[in-house]
Number of protein chains: 2
Amino acid sequence: MSCENRFTSELHRRGLRLTPQRERILSVLHGMRSPVTAEEIHRRVAESGPGVELSTVYRTLDLLQTFGLISVIDRGDRHYRYKHVGTERPHFHLACRICGKVIGIDLAEAADFASRIESSKGFRPDIAQVTFPGTCRGCR
Amino acid sequence: MSCENRFTSELHRRGLRLTPQRERILSVLHGMRSPVTAEEIHRRVAESGPGVELSTVYRTLDLLQTFGLISVIDRGDRHYRYKHVGTERPHFHLACRICGKVIGIDLAEAADFASRIESSKGFRPDIAQVTFPGTCRGCR
DNA sequence: GTTATTGCAAATTATTTGCACTTGG
DNA sequence: CCAAGTGCAAATAATTTGCAATAAC
């Protein structure tokens with residue numbers, strides 16, 4: 001199912017409504033390769049017609065998170081960035097401190113690590129939520 | 001060397017000064033088991049005498065970070081928390097979403113994972129900076 | 001028609017900054 | 001002494017909230 005359809009059906013399931021604002025916000029996220037801040041979404045939406053309020057962007061991002069259609073990336077700079085997930089496999093992120101590039105890695109790559117932590121510490125880490133800061137090859 | 005001495009010598013090395021405010025802030029951090037927010041440090045410092053300004057707390061936390069005497073924990077709730085590191089071995093953190101408990105794990109536990117990411121993606125993750133959200137045994 | 005949703009403005013929260021006064025070395 | 005540091009107040013910055021008007025279903 002396309003993510004637009006999934007959005008619509010998740011909305012309807014909860015008695016919520018599909019508005020043009022919500023469609024446009026999702027479509028901006030859909031068109032972005034790299035993670036964007038709420039501010040950037042706000043700006044992009046405005047490029048394609050009458051602006052949508054920033055507060056509406058935040059409210060929609062909340063919904064999309066709840067539905068699992070986007071994931072949140074935290075580079076530790078107090079600017080949350082949002083990225084469309086849609087129907088991709090679960091993954092986590094690497095974010096280069098120098099150039100800012102974000103790489104998605106399949107969650108399976110961290111499976112050994114996660115189970116090691118779980119068996120030794122009894123703690124189940126949610127690695128799909130994590131963004132690892134570090135440096136990419138190009139920046140070293 | 002005790003961390004107070006290290007603080008003093010790092011300050012002197014840069015021509016900076018040891019003030020009572022800085023001593024009291026470090027001492028609060030020193031006495032805390034779990035990571036604290038700037039706000040909490042501010043409150044604790046006030047308990048032991050005339051208050052220190054919140055802006056001074058932030059400025060001192062910056063210094064302590066620069067000197068590597070504290071590490072920053074980000075639970076993703078927009079409240080940075082600071083934890084005394086001192087002479088401990090390098091480690092990363094697990095933070096339970098339910099009860100908020102933070103566990104420190106020796107960096108060696110993540111060595112295999114880190115080298116796997118580095119050799120397959122050319123990205124060197126800085127795991128000592130990461131706090132993994134998740135759930136602890138007690139909360140499941 | 002009803003209730004969810006939006007726009008708008010004001011409130012909140014965490015943090016930072018400018019600056020005159022104070023103080024450590 | 002005198003540059004570094006502090007308190008204080010004001011400025012930012014990102015996000016959240018209250019509410020009356022609007023629109024989706």
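Keep in mind that this is a model prediction, so the values were computed, not measured. The sequence lines fix the lettering, A, B, ..., with proteins before strands; numbering per chain opens at 1.
The shortest distance between the side-chain N/O atoms of A/Arg59 and the OP1/OP2 oxygens of C/dT5 is not below 4.0 Å. Put simply, A/His12 has a side-chain N or O that comes within less than 4.0 Å of OP1 or OP2 on D/dC25. Contact annotation: B/Tyr58 reaches the phosphate of C/dT15 (side-chain N/O to OP1 or OP2, under 4.0 Å). Listed pair A/Thr19 / C/dT6 meets the phosphate criterion, a side-chain N or O lying under 4.0 Å from OP1 or OP2. When the side-chain nitrogen and oxygen atoms of B/Gln21 are compared with OP1 and OP2 of D/dG7, one or more of them lie within a distance under 4.0 Å. Contact check, A/His79 against D/dA14: a side-chain N or O comes under 4.0 Å of OP1 or OP2. For D/dA4, neither phosphate oxygen OP1 nor OP2 lies less than 4.0 angstrom from any side-chain nitrogen or oxygen of B/Arg22.
Residue contacts for B/Ser55: at a heavy-atom cut-off of 4.0 Å it reaches a base atom on one of the strands shown.
Distance, A/Arg13 CZ to C/dA4 P: 18 Å, rounded to whole Å. A/Leu54 places its CG atom 13 Å from the C1' atom of C/dA9, with the value rounded to the nearest Å. Spacing between atom CG of A/Leu61 and atom P of C/dT6 amounts to 12 Å, rounded to whole angstrom units. With rounding to whole Å, B/Arg24 atom CZ is found 13 Å from C/dG24 atom P. Atom-to-atom, CD of A/Glu53 to P of D/dC19 comes out at 18 Å; the value is rounded to the nearest Å. Rounded to an integer number of Å, the gap from CG of B/Leu11 to C1' of D/dA3 is 15 Å. For the pair B/Glu39 CD and C/dT12 P, the computed distance is 15 Å after rounding to whole Å. Atom pair A/Glu23:CD and C/dT6:C1' shows a separation of 15 Å (rounding to whole Å applied).
With C/dA14, D/dT15, D/dG7 as the candidates, the nucleotide lying closest to the side chain of B/Val52 is D/dG7. Comparing atom distances between the B/Arg17 side chain and each of D/dG7, D/dT6, D/dA4 picks out D/dA4 as nearest. You'll find that the side chain of A/Leu16 is closest to C/dA4, out of C/dT15, D/dG5, C/dA4.
Linking ILVMFWY residues whenever their side-chain heavy atoms come closer than 4.5 Å, directly or via other members, places A/Ile105 and B/Phe92 in the same cluster. Transitive grouping of hydrophobic side chains (ILVMFWY, heavy atoms separated by less than 4.5 Å) keeps B/Tyr82 and B/Ile103 in distinct clusters.
A donor-acceptor pair under 3.5 Å is formed between the side chain of B/Arg22 and the backbone N or O of B/Arg17. Checking side-chain atoms of A/His42 against main-chain N and O of A/Glu53 turns up no donor-acceptor pair under 3.5 Å.
A/Arg43 has no carboxylate O lying under 4.0 Å from a charged side-chain N of A/Glu40, or vice versa, which leaves the two without a salt bridge.
Between A/Pro20 and B/Leu63, the one whose closest nucleotide on DNA chain D sits nearer the 5' end is B/Leu63.
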